[in-house]
2 protein chains.
Amino acid sequence: MQHQKLATIEDVAALAGVSIATVSRAINEPTKVADETRRKVNEAIARTGYTTNAMARSLRMRRSNMILILAPDVGDPNFSNILVGLETEASKRGYGVLIGNTQNDATRETDYLRFISSNQADGLILFTGHLPYGFGQDGAEGRLPPMVAVNEPVPNAEVPFVGVDNFEGARIATEHLISQGHRRIAFVGRSQGREVNRLREEGYRKALAGAGIVIDPRLIIDGDGTTESGRAAAELMFVRDALPTAFFCVNDATALGIIISLNARRYDLPRQFSIMGFDDISFSSFVTPSLTTMKQPRHKIGEAAMELLLALLAGEKPREQQVLLRAELIVRNSVTRVG
Amino acid sequence: MQHQKLATIEDVAALAGVSIATVSRAINEPTKVADETRRKVNEAIARTGYTTNAMARSLRMRRSNMILILAPDVGDPNFSNILVGLETEASKRGYGVLIGNTQNDATRETDYLRFISSNQADGLILFTGHLPYGFGQDGAEGRLPPMVAVNEPVPNAEVPFVGVDNFEGARIATEHLISQGHRRIAFVGRSQGREVNRLREEGYRKALAGAGIVIDPRLIIDGDGTTESGRAAAELMFVRDALPTAFFCVNDATALGIIISLNARRYDLPRQFSIMGFDDISFSSFVTPSLTTMKQPRHKIGEAAMELLLALLAGEKPREQQVLLRAELIVRNSVTRVG
DNA sequence: ATGAATGATGTAAAGGTTTACATATAGGCA
DNA sequence: TGCCTATATGTAAACCTTTACATCATTCAT
């Protein structure tokens, strides 16, 4: 049941009739070893079933080939697809991926840093939008491990960011609505604290300004990006009695709330209202009407972020402080021509 | 930018004026050390900012306090919530969680075993429904690490399983439909290979048999559990011209396909057809009509699985070969009384 | 023929713990 | 007092690599 005693490099060396240094070299720098010797070593490895003990290697080399991923919510639909990209790239480069689910809990965030300080992870991917609680506290700024922010940038800290170009994406989305003849376009999901929301709102404003459309302030509605907030926003619009012809929602979850609310009020969508989302999460294609939205290249984001982090680990300096990838317009059925 | 040279146990020992053995004991077996000494050591630890080097510890102790999770698809909605449970429990017990996304690719599965064989992980959680390719191949059965299957049991292998009671859940779901007056109840999602589908079908049959209802074989439809298969199934029913009054779907994704298809055909749901799902994935509450379904206790499943695995690691023998948790009936709007 | 340069391999240290065993001190009991 | 036990601490080995440095053999240029 328990592991058998595993073969070590010494067993291989003995069987191959060479020293352990030669075995190590045959494995890690094959060119530095004579062909014949390499053959013998490989045969001995095959015979003994030897695998290098990663702990011993890490101890000696002072790196673990592990990356810690800190995410506030592993269940977030945005998270999992980016994770696939991260994991794919890491795996390709021989790195493993460690998950820390912080739930925005300061204690847990701090706790996970033990992986860094105990050398169990070499670098950090941050989904949280802020430095882990407990970092840079005691003026130990210099101690920050290599890290890359994903999904949400980290304000006021020099952490490279990889993500979608929210501003540009929002601009394209809004321009699409304008191109369909809409002039009264609501923005659902304004939020003070959230950088992502702010950027998307700016892209929206930019597009309207570009088309010479003046914004009715009653069409800008607060929201935290949840489906529930979308629902509430729609209801608020009816109370205000200031209706748009189209809704640009800060994300798909919000858009879904709008759709549910309008469907419940028996409006005929998209004939009476157009709805545009952002993110392209999985069920956006299943809802009725199916959601026209901006697709985040999540897999690519994950790959690019991991690539950047590994470059950082290799000692390279990042060329840009942020890498922005383009969102893609996905035309489905929730947006239609008006007027 | 790079890590400073970190404090080691020797630094602490020197500062506290004791030997490294005493420091180690003060940390790991505090009772074995005199109060006064412990105090000095703790102070030295605080002053130096010492953290145990996990690599050295793992090397020495021959275990890494890491668990490898092998999943075919990290994006699967079932996966992420179970993961949260797994991670929570692991974290509570001082274990870390390593993610391997196999995509059902044999090469990748085998590749991830390096974490096991190189001592980087002590145990294994399997979402894949089968042993990793490459295991038990060379008759090295005895080498299998402690592992627990989740979500899908592993056939023909002595791997403890933690999951929802599919049979019982399906029975309850079907009985609910019967209690609402349905007699012609379709089963959507029969599948040869899949254990989960088979169990849910059996539960369905059991409930019908219990109510003395004879099954019209035209109401049993194949499906692989995707939304697309649900759609196809609905269309097939219309072709066969053998319609049920209710659909029991093998999972929510399938149910969603049914709903989309029926909505597209302009049926009035749930008045004309009732639909019952299984799983309770996130958007089931958002679709129209919102889906009545069986909720999997995913968080609990994760916790229970990790608990079991850690017990195995501690050398305990599992009491049961499988732990089945009850699914909970979630009544929403897609099922209504008939006749 | 000599010396230098190149290439292949070996020796041994270092990386930071845990822990079996040894030692030292104190306390209890005859 | 002398001996045994219990308690607290120290010494040093072991865990398994990687790699700087040393050694040795071979080749090549002079």
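Since the structure is predicted, the reported quantities are computational estimates derived from the model, not experimental observations. Chain A is the first sequence line, chain B the second, and so forth, proteins listed ahead of strands; every chain is numbered from 1.
Side-chain N/O atoms of A/Ser58 include none lying less than 4.0 angstrom from OP1 or OP2 on C/dG15. Remark: B/Asn28 is in phosphate contact with C/dT18, judged by side-chain N or O atoms under 4.0 Å from OP1 or OP2. Side-chain N/O atoms of A/Ser24 include none lying less than 4.0 angstrom from OP1 or OP2 on D/dT19. For B/Thr22 and D/dG10, the shortest distance from a side-chain N or O to OP1 or OP2 is below 4.0 Å.
The side chain of B/Arg62 approaches D/dC15 more closely than any other nucleotide in the set C/dT9, D/dC15, D/dT17. In the set C/dT17, D/dT9, D/dT18, C/dT17 carries the atom at the smallest distance from any side-chain atom of B/Thr8. Each of C/dT18, C/dG10, D/dT9 was ranked by its minimum atom distance to the side chain of B/Val33; first place goes to D/dT9. Each of C/dT9, C/dT11, D/dT17 was ranked by its minimum atom distance to the side chain of A/Ile9; first place goes to D/dT17. The side chain of B/Met61 lies closest to C/dT18 when the candidates are C/dT18, D/dT18, D/dC16.
If you measure from atom CE of A/Met55 to atom C1' of D/dT18, you get 16 Å, rounded to the nearest angstrom. Following rounding to the nearest Å, A/Glu36 (CD) and C/dG7 (C1') show an atom-to-atom distance of 16 Å. The distance between atom CG of A/Leu6 and atom C1' of D/dC16, rounded to the nearest whole Å, is 11 Å. Distance CD1 (A/Ile20) to C1' (D/dT19): 10 Å, rounded to an integer number of Å. The distance from atom CG of B/Leu59 to atom P of D/dC16 is 7 Å, rounded to the nearest whole Å. B/Asn53 has its CG atom 17 Å from the P atom of D/dT17, to the nearest Å. Rounded to an integer number of Å, the gap from B/Asn119 CG to D/dC15 P is 13 Å. To the nearest angstrom, P of D/dT19 lies 12 Å from CD1 of A/Ile27.
Crowding of A/Gln103 atom CD: a count of heavy atoms from other residues, nucleotides or ligands under 6.0 Å exceeding 12. Within a 6.0 Å sphere centred on CD of B/Gln321, heavy atoms belonging to other residues, nucleotides or ligands number more than 12.
Looking at B/Arg60, its side chain has no donor and acceptor atom pair within 3.5 Å of the base of C/dG15. No hydrogens or angles were tested; on distance alone, a donor-acceptor pair under 3.5 Å links the side chain of A/Arg25 to the base of C/dG10.
Side chains of A/Ile9 and A/Thr52 form no contact here, defined as non-hydrogen atoms less than 4.5 Å apart.
The existence of a salt bridge linking B/Arg39 and B/Glu36 is confirmed by a sub-4.0 Å separation between a basic side-chain nitrogen and an acidic carboxylate oxygen. The pair A/Glu89-A/Lys92 counts as a salt bridge, with a side-chain nitrogen and a carboxylate oxygen less than 4.0 angstrom apart. B/Arg38 and B/Asp35 are joined by a salt bridge, as a carboxylate oxygen and a charged side-chain nitrogen come within less than 4.0 angstrom of each other.
A/Ala21 comes within 4.0 angstrom of a base, heavy atoms only. As judged by a 4.0 angstrom heavy-atom cut-off over every strand, B/Thr51 is placed among residues touching the sugar-phosphate backbone only.
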